[in-house]
Amino acid sequence: MIQHGPTVDANLAKEHGLASDEYKTLCDGLGRAPSYTELGVVSVMWSEHCSYKSSRVHLKTLPSDGPQVIEGPGENAGVVDIGDGQAVVFKMESHNHPSFLEPYQGAATGVGGICRDVFTMGARPIALADCLRFGNTGHERTSYLLHGVVAGVGDYGNCFGVPNVTGDVVFDDSYNGNILVNAFCLGLAKSDRIFRGYASGVGNPILYVGAKTGRDGIHGATMASAEFAEGSEEKRPAVQVGDPFMEKLLLEACLELMESDALVGIQDMGAAGLTSCSVEMAARAGSGVELHLESVPMREEGMTPYELMLSESQERMLMVVTKGKEQEALDTFSKWDLDAAVVGHVTDSGKVIVKMHGEVYADLPASLLAEGLKYDRPQERPSYLDEVISLDLDTIAEPDDIGETLLDMLAAPNLCDKSWVFQQYDHMVRHGTVVRPGQASSGVVRVVEPESGRKKGVAIAAGCNARHVYLDPYEGSRLAVASAYADLVAVGAKPLATTDCLNFGNPEKPGTMWQFAESVRGLGDACRLLNTPIVSGNVSLYNETDGVAIKPTPMIGMVGLIDDIDEVVTASFKEEGHHIAVLGALGGTLSGSEFLKHCHGQERGVPIPFEMERHSKVFAAMLEMTKARVLASAEDISDGGLLCCIAECCLGAQNLGAQLSLPAVEGRLDELCFGEGPARFVVSYSKENAAAVARAAAGCGASLLEVGVVGGRELRLNIGGELSMKLPLAAMAGAFGGAFEAFS
Amino acid sequence: MARHFGVIRFPGSNCDDDALHIVNTVLADRGATGEILWHKEHSVGQVDGLIVPGGFSYGDYLRAGAIAAHAPIMESVKAFAKAGGPIIGICNGFQILCEAGLLEGALTRNESLRFICKDIYCRIEGRPTPFSKDIPAGRHIRMPIAHAEGCYRHPDVERLEGESQIIFRYCDADGNVTSDANPNGSINNIAGICNASGNVVGLMPHPERACEDVLGKGGSAGLGLFESALDSLANSGAAR
């Protein structure tokens, strides 16, 4: 073994992010002290980012099975059957830490990474979604981070050529020091041609393909496994640089090679680069690998084994091909002008052996590295919950003018029109986008299936109301799942499965760990009830700066199937004279609402919980109505409540007003107008379809209340026969459409 | 019947499949067919029309379209143009045709300095070209744009205007050419032009994304460009 580099001891291990007991575990496992290269390899594999050491005990409680599931967690992405021999492959992943340090490249490489995870499995990416969280719009860094992240997401996806069809952007003080960039990608594959990250077949060559390896991104995974503090900007060199053009070539070349029978296993080099890729492929297959690093295409001279193993240079893949078919693979890559080289071979040693010019630099058991560490960290219910749980509405003055309040709400950073963001993303490339961002709460892409003649579609919902999770991690997480489910059924999609991206603070703090455990319990319960198993996901911990953590944010990406894209409905009102109704409960609660935060600066109270028995009837009714094609529009009522929802339905492509008549209320008017709660929808339909709509609701046991008619150039609201509000469309459009530009 | 289109695939093209889908699927009942042409080939082969698709050829490195303009296949594309064959360059394809000298002018960074993806309207005008002559002059249609470098520049734009080489002009929903309707700062609201002979057309909007009603409820007005090309091929009886 070559002892290249500094002497390895517990102190050096600590500098690599390994605690002293972790270093001892390593030495015990090896029966000796590690070499410098080995220390580097182990430190990234055992980082929180790669090992999930704090989260694994909880994640294993999540439901991941179902007849629709082809591949659950553990692979590069989840795979779900959509019939006709087709499967969708999807996952959501965070790129929070790098994006905070270097927003453009951090966000861009986040998109690149998630796309590679998907096409690695043999799927062509057909849709992207991005959930972004920034600090207060007035915070000094917010505008810089927003511009950089949106441009980074856009430039990468636009060049790579995948439409970005949905997602959300939320501003909250808790993200001032830790923004969230969660990227989702969905691909389409043949269900019997799924590729996995297996290093199988002793003697099979290991191919390296793609960009050359440089010194960028070394220890990126370790960076993502620690809190930020003053001076974190110095970690900027640990952020990688993306090249979407290279990735496009890689995509086409890989998909082309996958048509042949040369490929045995494949994995992208993401976090921890060559290290995690080779270790995981060997561990999954129960085999071993031997690498010859001198063959790795390098960007600069004199790179050491340590650097080569730890580099996080982007747009690189590792693959195992059938012995004798190397040339076929190399020819394919040469056609696409890509660098490729045989850098090793599969063994049956169970070890990852790293050589350079014949000398051994690392000799490690793959299982020791891949299984890593596992902690059941202490939990304690944080005390802030006692404080925020109560809300005394008597202290909240009712608005004098509902119309003024609505305009104020429509211009709120979290509710206003986000065109500024999604117009920077190509959301139409690949001729598949049926529902564009902003047209509904889910994005929809069609799935071309010429053989069966079916006109299927796949709907994607992505987001999370972190305020609800902050107020009650268990119920809030259940609500996040229910909300994604509602987003899907609103466009007529039957929800199939889920991916999650769990963003939390420092797991070594018992309060954060408690939030995490409760949240996972809530996600699991809700996904079990709704039969939307979690097939892939990602955990991002240590989202904390100077000891201040983000609001717990378990981002949900949910995917649904649409049998016939002609059934799809969007949010906007379509025609004068159409009836408007609320499906589900009419009113909501101000507890934990956007209204309470935006208009009164308070984040407290307990949100209305998701109740399967009651709310699933509303979801069923929604699906029945879209199936029967009796709706002209549908939109789920979420942040901002009933009135904001209806205002947005008015401000669609047709730009139509509405006349609303609500029954006199005993409670508060602001609660009726801006209250929030699960499983509520605003639907519109023609007079001819009114009876069918009512029948569908009654048949499912869901409540349906007609509240008005589409028409005119203003939004009028009568309550108990009295005019409460009258707003011209132009005023609403001005507030809704002009706000983002003003603070961005 | 001569209705076979070649769609050129450069490394980084990403609207090539979209264009192929239009000729092979959407217009299949009109007898249209298409094939992908690889950039490393030296001949466009037996085609009746060429589509230079959108995307980021060669990553748009150097300048959008600059490297693709020198790809091996471009000599054959130039010969095809010289022989009067119909060619349409869409978005990056327009940029490539300008860089290759088949069209005049240049596409520079959008005035906003941002990528813009949205529906716009543009008015059809100018001389009849294979891709516009079936669309009555003065009609305006809705199509999406998706580009960061679509701001058209020409040192002597009045000459192009005088020669009726402006074929597509950004306008509002009512067909009025206004500065508000100009999404990228192009001179004279120019969205697309043709060459002096009229057989080579380039435009920034994406007609291939506006050929099916189901896509984004965006309408299918873009189909008119391809139908026009089919009709002109049928009438010219171009030999394959």
Side-chain angles (χ1 to χ4, degrees), chain A residues 124 147 150-151 153-155 157-165 243-249 251-253 335-338 419-439 443-446 448 450 455 457 564-566 568-570 572 574 652-654, chain B residues 9-22 24-26 28 36 38-40 53-61 64 67 91-92 110 112-120 142-148 173 183 205-219 222:
Chain A
R124 178 177 283 282
H147 279 80
V150 171
V153 167
D155 285 359
N158 297 344
C159 178
F160 186 59
V162 184
N164 197 317
V165 297
D243 180 355
F245 171 60
M246 176 70 79
E247 179 138 317
K248 169 73 172 166
L249 302 183
L251 163 74
E252 299 299 339
K335 173 189 165 185
W336 289 94
D337 301 324
L338 286 164
S419 300
W420 184 90
V421 176
F422 59 72
Q423 283 185 358
Q424 294 188 58
Y425 305 156
D426 191 335
H427 46 264
M428 295 181 244
V429 62
R430 296 210 60 76
H431 64 272
T433 307
V434 175
V435 177
R436 300 177 186 178
Q439 290 184 330
V444 178
V445 287
R446 66 175 169 183
V448 179
K455 295 187 288 177
D564 184 339
I565 46 173
D566 290 337
V568 168
V569 284
T570 56
S572 61
K574 303 296 185 302
Q654 291 75 15
Chain B
R9 173 174 290 163
F10 299 95
S13 295
N14 63 28
C15 304
D16 43 354
D17 287 338
D18 305 22
L20 193 65
H21 169 76
I22 302 307
N24 271 343
T25 306
V26 180
I36 293 286
W38 186 235
H39 68 115
K40 289 181 186 172
F56 289 73
S57 57
Y58 298 89
D60 273 0
Y61 293 135
I67 303 176
C91 197
N92 193 225
N110 294 345
S112 67
L113 302 181
R114 291 197 293 267
F115 187 94
I116 306 168
C117 178
K118 65 173 185 180
D119 282 343
I120 52 86
R142 188 163 63 142
M143 293 187 281
I145 55 167
H147 60 248
H206 284 274
E208 84 284 14
R209 295 184 184 185
C211 288
E212 296 166 275
D213 280 329
V214 72
L215 295 185
K217 316 283 177 202

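We name chains A, B, ... by the order of the sequence lines, and we start the count at 1 in each one. Any value given below was found using the heavy atoms of this structure, including those in side chains, with hydrogens, waters and symmetry copies removed.
- Counting heavy atoms from C-beta outward, H427(A) and F422(A) have side chains that approach closer than 4.5 Å.
- Taking a cutoff of 4.0 Å between a charged side-chain nitrogen and a carboxylate oxygen, R9(B) and E252(A) do not qualify as a salt bridge.
- For the set D243(A), L249(A), N158(A), the count of heavy-atom pairs under 4.5 angstrom toward chain B peaks at N158(A).
- Ranked by heavy-atom pairs under 4.5 Å with chain A, the first of H206(B), H147(B), H21(B) is H21(B).
- Note on D337(A) versus K40(B): salt bridge recorded, some NZ/NE/NH1/NH2 to OD/OE distance being below 4.0 Å.
- Interface remark: K335(A) contributes backbone and side-chain atoms alike to the contact with chain B (heavy atom separation under 4.5 Å).
- N164(A) and D426(A) are not linked by any side-chain donor-acceptor pair at a separation below 3.5 angstrom, with hydrogens and angles left out of the test.
- Between chain B and the options Y425(A), W420(A), F160(A), the largest number of non-hydrogen pairs under 4.5 Å is found for W420(A).
- Heavy atoms closer than 4.5 Å to chain A are found nowhere in S112(B), neither backbone nor side chain.
- Most heavy-atom pairs under 4.5 Å with chain A, from the set D18(B), D17(B), I22(B): that is D18(B).
- Between the side chains of Q424(A) and H147(A), no donor N or O sits under 3.5 Å from an acceptor N or O.
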